[in-house]
Protein chains: 2
Amino acid sequence: MDNRRGEREQATEDRRRELLEAADRVVLRDGPGASMNAIAAEAGITKPILYRHFGDKGGLYRALAVRHTDALLAALRAALDAPTGRRERVEATLDTYLSAIEARPQVYRFLMHPADGGAADVPEPPASGEATERDFEVGRHSAPLLRRLGEELAQVIADRIDFGPGGAVIARAWGHGIVGMMHAAGDWWLHERPCSRAELVQSLADLLWGRLAAAADKAGGPGL
Amino acid sequence: MDNRRGEREQATEDRRRELLEAADRVVLRDGPGASMNAIAAEAGITKPILYRHFGDKGGLYRALAVRHTDALLAALRAALDAPTGRRERVEATLDTYLSAIEARPQVYRFLMHPADGGAADVPEPPASGEATERDFEVGRHSAPLLRRLGEELAQVIADRIDFGPGGAVIARAWGHGIVGMMHAAGDWWLHERPCSRAELVQSLADLLWGRLAAAADKAGGPGL
DNA sequence: AGACTTACGTTACCGACGGTAACGATTTGC
DNA sequence: GCAAATCGTTACCGTCGGTAACGTAAGTCT
């Protein structure tokens with residue numbers, strides 16, 4: 001029985017995995033606007049099973065997001081924990097993040113970007129009208145993801161940098177701020193590719209290193 | 001005739017305004033999940049009129065967003081153009097942004113935050129199921145808004161700071177990065193209110209001023 | 001004045017979506 | 001062999017964004 005029970009649980013977990021992989025495929029193919037029907041079809045089953053496994057669409061998405069996020073978080077943590085100087089660590093972390101979103105832009109867009117129709121050939125539901133454009137409700141969850149990253153970074157900062165009293169709040173402000181900077185700059189960069197990854201890393205690290213304060217005013221500028 | 005024509009145009013523009021105000025009311029009341037039907041009802045008309053005026057939901061949203069965004073942009077530009085020192089200007093800009101989102105959090109959430117149900121009493125469509133949770137497709141447009149802010153700031157930076165050659169790209173990276181920082185930190189702050197506005201402004205300005213590079217390691221920390 | 005255009009407004013509808021109820025199979029345990 | 005639980009289905013609901021078709025009042029032309 002325990003045996004049986006264990007086998008069952010194992011089986012359902014395997015099933016879950018399988019469904020998640022199918023969902024992954026569909027989301028990567030159809031973009032964030034993938035419908036539950038489409039996912040079910042890809043998995044070779046029908047909707048109610050999906051709902052039995054994940055409750056609702058948000059549940060499925062959450063499971064999907066956790067999968068992808070954990071890998072990214074692990075990579076970032078590794079970069080953050082490298083035994084090098086602070087500047088090198090910051091650069092490595094930025095580069096790790098940018099590498100990740102560069103390597104799997106569709107995953108990135110799915111996780112972070114509310115909507116964009118990351119599909120190659122079918123940006124919108126094939127025929128009929130033109131834009132049912134149901135999102136995957138990604139927006140509902142992308143913020144939590146960024147928050148998670150921000151809190152994580154805040155923790156690292158608080159652990160390593162000695163602010164005075166009340167430093168915890170500063171560390172959190174910095175954590176969220178830096179994550180937001182990375183996110184926004186990365187999003188822009190991924191979209192326009194105006195420079196190499198290394199150049200962006202340098203620019204952002206320079207910004208974080210106070211180059212804004214140190215930079216000279218423009219010659220012919222308005223004076224200040 | 002020209003007279004007539006002018007009157008007509010004026011009338012339709014007034015109508016547009018009126019509809020936008022109604023939409024505004026509904027969005028502020030029902031949160032970003034407001035439906036076209038609800039907006040039409042609030043305006044005392046029916047859907048097709050909305051569609052004739054704004055094309056589709058995105059059009060309505062865009063018109064709504066422009067209204068609110070322009071004011072914010074103007075305020076930010078004023079702060080950015082103040083005849084003070086750079087640090088003061090940065091602080092003033094941050095403070096202006098935070099003041100804006102603090103003063104009208106619902107508007108902010110509508111513009112920037114994909115979904116959250118900013119409503120006070122009716123977070124989700126009253127009866128029936130529980131979560132139809134159609135967003136206002138805000139996610140589709142919040143990115144453009146942030147992009148716009150980022151480009152705007154990039155322009156200011158490029159105008160005022162003298163990078164070497166290739167400086168335009170650096171300025172844009174900084175512009176988007178800083179806007180992202182402001183956005184993420186502001187979002188976190190608005191949500192948790194962990195400190196006063198002034199404190200957050202100081203923390204972020206310090207971050208931008210290179211305090212990360214200058215800060216001392218923690219005493220008992222892992223060494224670096 | 002009476003026909004004609006033009007804009008405004010309506011009702012009624014479409015297809016797709018998220019989500020669920022109700023009903024078969026098929027395996028499991030006694 | 002037989003009940004129970006599990007896996008899967010079909011068929012459906014309500015809501016949504018969006019549109020076609022139709023009516024109506026007002027200004028325009030002859």
Side-chain angles (χ1 to χ4, degrees), chain A residues 1-16 18-19 22-23 26 30-41 43-61 115 122 124-138 140, chain B residues 1-16 18-19 23 26 30-41 43-62 115 122 124-138 140:
Chain A
M1 311 199 191
D2 285 352
N3 195 359
R4 280 298 174 208
R5 175 83 87 165
E7 284 180 15
R8 265 268 154 264
E9 284 179 3
Q10 181 65 31
T12 65
E13 196 140 331
D14 287 358
R15 197 86 176 97
R16 234 182 108 96
E18 192 185 328
L19 296 185
V26 175
D30 292 356
S35 78
M36 293 297 265
N37 262 325
I39 293 174
I45 51 162
T46 50
K47 267 197 298 179
I49 307 185
L50 279 183
Y51 282 95
R52 282 223 267 263
H53 273 271
F54 301 103
D56 64 348
K57 198 171 182 175
L60 203 175
Y61 171 74
V122 189
E124 46 195 358
S128 76
E130 59 165 330
T132 42
E133 62 174 69
R134 320 267 153 179
D135 291 2
F136 211 92
E137 303 291 347
V138 187
R140 180 86 64 178
Chain B
M1 308 204 203
D2 285 353
N3 196 358
R4 281 297 174 208
R5 175 83 87 165
E7 283 182 16
R8 264 270 154 261
E9 284 176 4
Q10 182 64 31
T12 65
E13 197 140 330
D14 286 358
R15 197 87 176 96
R16 235 182 106 96
E18 192 185 328
L19 297 185
V26 175
D30 293 357
S35 78
M36 293 298 266
N37 262 324
I39 294 174
I45 51 161
T46 50
K47 268 193 302 178
I49 308 184
L50 280 183
Y51 283 95
R52 283 224 266 262
H53 272 271
F54 302 103
D56 65 349
K57 197 170 183 175
L60 203 176
Y61 171 74
R62 233 162 291 139
V122 190
E124 47 195 359
S128 74
E130 60 165 333
T132 42
E133 60 174 70
R134 321 265 154 180
D135 292 1
F136 211 93
E137 303 291 347
V138 187
R140 180 85 63 176

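Since this is a predicted model, take the numbers as computed values, not measurements. Just so we're on the same page: letters track the sequence lines, and every chain starts at 1.
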Nearest heavy-atom pair of [X] and [Y]: which atoms, and what distance?
| X | Y | value |
| --- | --- | --- |
| A:Ala43 | A:Leu19 | CB-CD2, 3.7 Å |
| B:Lys47 | B:Ala40 | N-CB, 3.7 Å |
| B:Met36 | B:Tyr51 | CG-OH, 3.5 Å |

message: Any donor-acceptor pair, under 3.5 Å, between the side chain of A:Lys47 and the base of C:dG19, if you only look at N and O atoms?
response: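 Side chain to base: pair found, below 3.5 Å.
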Derivation and outcome, side-chain contact (heavy atoms from CB on, under 4.5 Å), residues B:Arg15 and B:Ile45: CA-CA 11 Å; B:Arg15 197 87 176 96; B:Ile45 51 161; 3.3 Å; yes
Measure [atom1]/[X] against [atom2]/[N] and give the value in whole Å, please.
| X | N | atom1 | atom2 | result |
| --- | --- | --- | --- | --- |
| A:Ile45 | D:dT6 | CD1 | C1' | 14 Å |
| A:Met36 | D:dC16 | CE | C1' | 17 Å |
| B:Asp14 | C:dC8 | CG | P | 12 Å |
| B:Lys57 | D:dG17 | NZ | C1' | 7 Å |
| B:Arg16 | C:dC8 | CZ | P | 13 Å |
| A:Ile39 | C:dG18 | CD1 | C1' | 12 Å |
| A:Asn37 | D:dC12 | CG | C1' | 13 Å |
| B:Glu18 | C:dC8 | CD | C1' | 13 Å |

- line: Within residues 48-55 of chain A, the residues having a heavy atom closer than 4.0 Å to DNA chain D are A:Pro48, A:Ile49, A:Arg52
field: Presence of A:Arg15 side-chain N/O under 4.0 Å of D:dT6 phosphate oxygens OP1/OP2
entry: no
message: Between B:Thr46 and C:dG9, is there a contact of a side-chain N or O with OP1 or OP2 at under 4.0 Å?
response: no
message: Within this structure, what is the CG-CD1 distance for the pair A:Leu60 and A:Ile39, rounded to the nearest 0.5 Å?
response: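 These two atoms lie 5.5 Å from each other.
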- prompt: side chain to side chain contact (heavy atoms under 4.5 Å, CB included) with B:Arg16: which residues, sequence neighbours excluded?
  reply: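 With neighbours one apart ignored, the set is B:His53, B:Phe54, B:Ala63.
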query: From the list C:dT10, C:dG19, D:dC16, which nucleotide is the closest neighbour of the side chain of B:Ser35?
result: D:dC16
